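Structure, as structure tokens:
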Protein chains: 2
Amino acid sequence: MAELNERKKQILAAVVEQYIKTGEPVGSKELIACTGLKVSSATVRNDMSELVSLGYLEQPHTSAGRVPSQKGYRYYVDHLMRAREIDELNRRLIDAGISSAAGDPERLITRAGEVLADLTKCASISKAPGGDSMLIRKIELVPIGVHTAMLVLLTSNGILKSRLCRLDAPLTSKLCEEFYNIVQAAILGKPASEINVASMQTVAVSVDGDSFAMLPLMAAVCELARSTAQSRILLGGSSNLLGHKEYGASAAELLEFLNKSEPITEVMRGGARPIEIRIGRENMYRQLENSSVIVAKYSVGGDDTGTIGVIGPTRMDYERIIPSVRYLTDLVGRLITQALEE
Amino acid sequence: MAELNERKKQILAAVVEQYIKTGEPVGSKELIACTGLKVSSATVRNDMSELVSLGYLEQPHTSAGRVPSQKGYRYYVDHLMRAREIDELNRRLIDAGISSAAGDPERLITRAGEVLADLTKCASISKAPGGDSMLIRKIELVPIGVHTAMLVLLTSNGILKSRLCRLDAPLTSKLCEEFYNIVQAAILGKPASEINVASMQTVAVSVDGDSFAMLPLMAAVCELARSTAQSRILLGGSSNLLGHKEYGASAAELLEFLNKSEPITEVMRGGARPIEIRIGRENMYRQLENSSVIVAKYSVGGDDTGTIGVIGPTRMDYERIIPSVRYLTDLVGRLITQALEE
DNA sequence: AATTAGCACTCATAAGCATCGAGTGCTAAT
DNA sequence: ATTAGCACTCGATGCTTATGAGTGCTAATT
């Protein structure tokens, strides 16, 4: 890659920042005004022209200003962006926003998504702790009525799920006992993703007892485990996207896309890096060609488990958003770890 | 209200139905084509003209077809609409859609909202059982670690909430015992809406014990009770609204509106009727002037407690949606009641 | 009195066209 | 390497005109 000289970098940075601010193609004069460069507009034009041939900028049409290309944004994010630390204001907003939820991991994730969406005016995506390292830590069966019980499941990551369960047969203390035996033998300490109806049936039969009466309980446990293992992705602030004029009518299509679960799961799958920034077509989906995705992992007790991020127009405020996402994921990871400490 | 003759009714109904189908103003010839009326277009024009002066129809401009006015929709819904029972197809779709969630009230509500949104291509709103008749039925404290416990709260309506709670002091069995004493004395059987920090403090002090160590538990219980009492309103399928062309750019504003919690709570507040249909400006909010709201209550064990409904353009398919909402709420009510039976 | 044919009229929409101006690219001078 | 100067491009804006769906009215018909 041909290296850019100082002034070209400065110009590229200014175009990106100005475009992010105004949303309008930026012209040579405007650029001089907003940077204070001590050169003439003709010089700037020459440089911009070169930046176009190098692929960092684009012109919507011959007589318009310049707009950053995908490559331009990439260069900006990788080399030109200054602020790499979150600023005071955003940090405080985040702290204040999620403090109320600090005790409970699930609420924390939800809240983190909401806060991030508000802060960035983008859509946020957040995934509760999950993955293969998530083990089942505790299962509790609480009798409610003769035929009803509630089941509570807790994982090693602090995710808590509960649901009611209706039994065909009366819930005797014997049945409870048998239930705990099975749980003890076949479920506790296992990864949530491994629990399924088939595997439990085998155990249910081996521990002798009324396996017929046990059926609804087993089914409910499986379902709880499944819903925990899948750890649904939360989409927050999606209506923020409608406010961005660059989407125009395609906002509807984008929202449609984000509301499907398969693609969004894919979108969140990060690589090895702790924070992933995908600009425009770097995303594998056509529907995201005008969007950027910034996702970061957070870890609970050393395991990488959850993800939080934003989706917004390529013309998003990277300089503010990237540090915010990074800070927020760190914070969430720390808070959850702390909540689970002995 | 001047009564309409048979033919005018027929014409009004046809305009409404045709407009609902196509979204275009309907003209006199088109109307003859789609009704098979045995009169000339001039006659239809005269009738339509009268329907305009009576306020049932509107013309966007002099040389356009007619569009139902709010009053027109109202008359249609009250007097002209034929199908008052859900049809086979929709019934099956609903049954199939929520069957998987039948055991657990909360999941049932969530699922009902999703199904309804899919079915109607509108946004759905659903509220879990709640209200003053909702009593706290059970509270469970399950120790997890030395400093952590999980709390589970069940209401008389089958709503189950759980969260983790972190304690400053170790969770001794004595503390547990004291906790249950307080719960027994001051919480069980009380309406969820009455539980608050102040009232609990009084009790915590009266029952002697380490009220300082108890604090986080009390706070968590209050928060659970509060979140249950408020029973957040679920908004589903809001992206469906973007597909309706009549909203155009104002769809963004509408979504924004729906994502605020105060107004939507107001929107759901029904009157005495089991099903409420509010068309256009019959809603108290400017943002809903082009929308209709159809909400119905469902009852659990005799008490009216929850609400499920749709929000969509005034030009929605009332004939299909109204029976669907009615059927769905009945079904949900029955299923929850059944799930809670002894 | 109700219905209908006929026709002039209205008005949103689209198409065509001149104008404007922000911003460019190029050339020649510094 | 930079800059002043200038012709050029092309979207945006605003105006005029043509089109046509659909109406409202009048006079004839049943």
Side-chain angles (χ1 to χ4, degrees), chain A residues 2-12 14-16 18-19 21-69 72 245-246 248-249, chain B residues 2-12 14-16 18-19 21-69 72 245-246 248-249:
Chain A
E3 199 41 76
L4 301 177
N5 66 31
E6 255 331 291
R7 198 181 55 209
K8 288 217 182 65
K9 284 185 190 174
Q10 210 178 338
I11 288 176
L12 178 52
V15 171
V16 172
Q18 191 65 11
Y19 182 66
K21 206 191 291 174
T22 68
E24 300 294 322
V26 349
S28 50
K29 282 190 204 143
E30 181 186 356
L31 206 146
I32 289 178
C34 78
T35 55
L37 267 177
K38 290 285 175 291
V39 293
S40 78
S41 65
T43 308
V44 174
R45 276 205 292 284
N46 288 333
D47 282 356
M48 292 212 289
S49 183
E50 271 187 71
L51 286 169
V52 169
S53 17
L54 291 172
Y56 294 108
L57 295 179
E58 286 170 354
Q59 350 180 225
H61 56 263
T62 343
S63 69
R66 304 310 209 285
V67 163
S69 69
K245 58 174 176 293
E246 51 266 56
Chain B
E3 200 40 76
L4 301 177
N5 65 34
E6 253 335 289
R7 197 180 56 211
K8 287 214 184 68
K9 286 186 189 172
Q10 209 178 340
I11 288 175
L12 178 52
V15 170
V16 172
Q18 190 65 10
Y19 182 66
K21 205 191 293 174
T22 68
E24 300 295 323
V26 349
S28 49
K29 282 191 205 141
E30 181 187 357
L31 206 146
I32 290 179
C34 78
T35 57
L37 267 177
K38 292 285 176 294
V39 292
S40 77
S41 66
T43 309
V44 174
R45 277 205 292 285
N46 288 333
D47 281 357
M48 292 213 288
S49 182
E50 272 186 71
L51 286 168
V52 169
S53 16
L54 291 171
Y56 294 108
L57 296 178
E58 286 170 353
Q59 356 181 219
H61 51 88
T62 345
S63 70
R66 303 311 208 286
V67 162
S69 69
K245 57 173 177 294
E246 52 266 53

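In this text the structure is predicted, and so the values were computed from the model without any measurement. Note that these values count all heavy atoms, side chains included, but never hydrogens, waters or copies made by symmetry.
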First locate atom [atom1] of [X], then atom [atom2] of [Y], and finally report the distance between them rounded to the nearest 0.5 Å.
X: A:Leu37; Y: A:Arg7; atom1: CG; atom2: CZ; answer: 7.5 Å
X: B:Leu31; Y: B:Gln10; atom1: CG; atom2: CD; answer: 9.0 Å
X: A:Asn46; Y: A:Ile11; atom1: CG; atom2: CD1; answer: 9.5 Å

Practice problem: With the side chain counted from C-beta on, respond yes when B:Glu30 and B:Ser41 share a heavy-atom pair under 4.5 Å apart, and no when they do not. | Solution: no
Self-check item: Beyond-backbone contact of B:Leu4 with B:Leu54, side-chain heavy atoms, under 4.5 angstrom
Solution: yes
For the pair made of [atom1] in [X] and [atom2] in [N], what is the distance, rounded to whole Å?
X: B:Glu30; N: D:dG22; atom1: CD; atom2: P; answer: 7 Å
X: B:Glu24; N: D:dA21; atom1: CD; atom2: C1'; answer: 12 Å
X: B:Lys29; N: D:dT23; atom1: NZ; atom2: P; answer: 9 Å
X: B:Asn5; N: C:dA2; atom1: CG; atom2: P; answer: 10 Å
X: A:Gln59; N: C:dA22; atom1: CD; atom2: P; answer: 17 Å
X: B:Ile32; N: D:dT23; atom1: CD1; atom2: C1'; answer: 14 Å
X: A:Leu57; N: C:dG23; atom1: CG; atom2: P; answer: 15 Å
X: B:Glu6; N: C:dA2; atom1: CD; atom2: P; answer: 16 Å

Check the interface with nucleotides 4-8 of chain C: list each N/O to N/O pair with the protein under 3.5 Å, or write none.
| from | atom 1 | to | atom 2 | distance (Å) |
| --- | --- | --- | --- | --- |
| C:dT4 | OP2 | B:Ser40 | N | 2.9 |
| C:dT4 | OP2 | B:Ser40 | OG | 3.4 |
| C:dT4 | OP2 | B:Thr43 | OG1 | 2.4 |
| C:dT4 | O5' | B:Ser40 | OG | 3.4 |
| C:dG6 | O6 | B:Arg45 | NH2 | 3.4 |

Quiz item: Would you find more than 12 non-hydrogen atoms of other residues, nucleotides or ligands less than 6.0 Å from A:Lys8 atom NZ?
Solution: yes
Quiz item: Should the heavy atoms of other residues, nucleotides or ligands under 6.0 Å from NZ of B:Lys245 be counted, would the total exceed 12?
Solution: yes
Quiz item: Partner of D:dC6 by Watson-Crick or G-U wobble geometry, both contacts under 3.5 Å, or none?
Solution: C:dG25
Quiz item: Across all strands, who's sitting opposite C:dT30 as a Watson-Crick or G-U wobble pair, both distances under 3.5 Å?
Solution: D:dA1
Hey, what are the protein-to-nucleotides 9-16 of chain C N/O distances that come in under 3.5 Å?
| from | atom 1 | to | atom 2 | distance (Å) |
| --- | --- | --- | --- | --- |
| C:dT10 | O3' | B:Thr62 | OG1 | 3.3 |
| C:dT10 | O2 | B:Ser63 | OG | 3.3 |
| C:dC11 | OP1 | B:Thr62 | OG1 | 3.0 |
| C:dC11 | O5' | B:Thr62 | OG1 | 3.4 |
| C:dC11 | O2 | B:Ser63 | OG | 3.3 |

Exercise. Look at the side-chain N and O atoms of A:Arg66 and state whether any lies under 4.0 Å from the OP1 or OP2 oxygen of C:dG23.
Key: no
Quiz item: Do you know the tightest heavy-atom contact between A:Gly27 and A:Met48?
Solution: C-CE, 4.1 Å
Self-check item: Non-hydrogen atoms of B:Tyr19 and B:Val26 that approach each other most closely
Solution: N-CG1, 4.0 Å
